[in-house]
Amino acid sequence: MDKIRVAIVDDNDKMVEMMDEYLGSDDEINVIGRAKNGEEAFDLIKGTSPDVVLLDLIMPKMDGLSLMDKIHKDGTMIRMPFFIITSAISNEAVIQDSFNYGAGYYMLKPFDNQMLLNRIKHARHLGDRRRKEISRQGKSEEGGCFSQGDLERDVTNVIHE
């Protein structure tokens, strides 16, 4: 099985180092890049197509919500990463906005490293299962291709889950 490709996006150097060190010690994880702001993160995500993005919300140049919005609106992305928000903000409206913009998990800082690792591994299983469900549901009778309406509906449903 391939390693889970993880990108870390946070402007706090100590937090990035801690996550990188802990995750890098796991045989199933490959930390493929880091970014300190939303603009760097956008380029990193487009260039490396990570499976999971660990994303802080408050960053310079572009915040986490704006980054998720920009990624989802970008028409060139082949595959959307699974976003795990790591933030110190516990405001219900911000948490709900995060899920509305496509976050799969929201973890409050400080968090348990093992819990983060479990969430990343669980994200892989969710992503695999969702891809299988979408491919089964989205095939047309004619040629086995997705129709645009079905794909958009399925992706929307996956995001809402």
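This is a predicted model, so every value here is computed, not measured.
Applying the side chain to side chain contact (heavy atoms under 4.5 Å, CB included) criterion to Lys61, with sequence neighbours excluded, gives Asn37, Glu39. Every salt bridge (charged side-chain N to carboxylate O under 4.0 Å, His left out) that Asp74 has, sequence neighbours left out, goes to Lys46.
The environment of Lys36 atom NZ is sparse: at most 12 non-hydrogen atoms of other residues, nucleotides or ligands sit within 6.0 angstrom. When the shell of 6.0 Å around CE of Met77 is examined, it contains more than 12 heavy atoms from other residues, nucleotides or ligands. Within 6.0 Å of CD in Glu92 there are 12 or fewer heavy atoms belonging to other residues, nucleotides or ligands.
For the pair Asp51 and Arg79, the salt-bridge criterion is met [side-chain N within less than 4.0 Å of a carboxylate O]. Of the charged side-chain nitrogens involved, at least one lies within less than 4.0 Å of a carboxylate oxygen, so that Asp56 and Lys109 count as a salt-bridged pair.
Nearest heavy atom pair, residue Met80 against residue Ile71, reads CE-O, 3.4 Å. Between Lys121 and Ile4 the shortest heavy-atom distance is CA-CD1, 3.9 Å. Minimum interatomic distance between Val6 and Pro50 (heavy atoms only, all atoms of both residues): C-CB, 4.5 Å.
Atom-to-atom distance recorded for Met62:CE and Leu67:CG is 6.0 Å, nearest 0.5 angstrom. To the nearest 0.5 Å, atom NE2 of residue His122 and atom CZ of residue Arg119 are 8.0 Å apart. Between atom OG1 of residue Thr86 and atom CG of residue Asn12 there is a gap of 9.5 Å, rounded to the nearest 0.5 Å.
A side-chain donor-acceptor contact under 3.5 Å links His72 to the backbone of Met68.
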Evaluate side-chain contact (heavy atoms from CB on, under 4.5 Å) for Ile85 paired with Tyr105, printing each intermediate quantity in order.
CA-CA 6 Å; Ile85 303 300; Tyr105 288 117; over 6 Å; no
Kindly determine whether Leu116 and Leu54 satisfy side-chain contact (heavy atoms from CB on, under 4.5 Å), including the steps that lead there.
CA-CA 9 Å; Leu116 178 64; Leu54 305 178; 3.8 Å; yes
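With contacts defined as side-chain heavy-atom distances shorter than 4.5 Å, the pair Arg34/Glu17 qualifies. Annotation: side chain of Met19 is in contact with side chain of Phe111 (closest heavy-atom distance under 4.5 Å). Within the 4.5 Å cutoff, the side chain of Tyr106 has heavy atoms near those of the Ile89 side chain. A heavy-atom distance below 4.5 Å is not found between the side chains of Asp26 and Ile120.
A distance of 6.0 Å or more separates the ring centres of Tyr101 and Phe83.
Checked by atom type, the side-chain pair Asp69/Ser66 shows no donor-acceptor distance below 3.5 Å.
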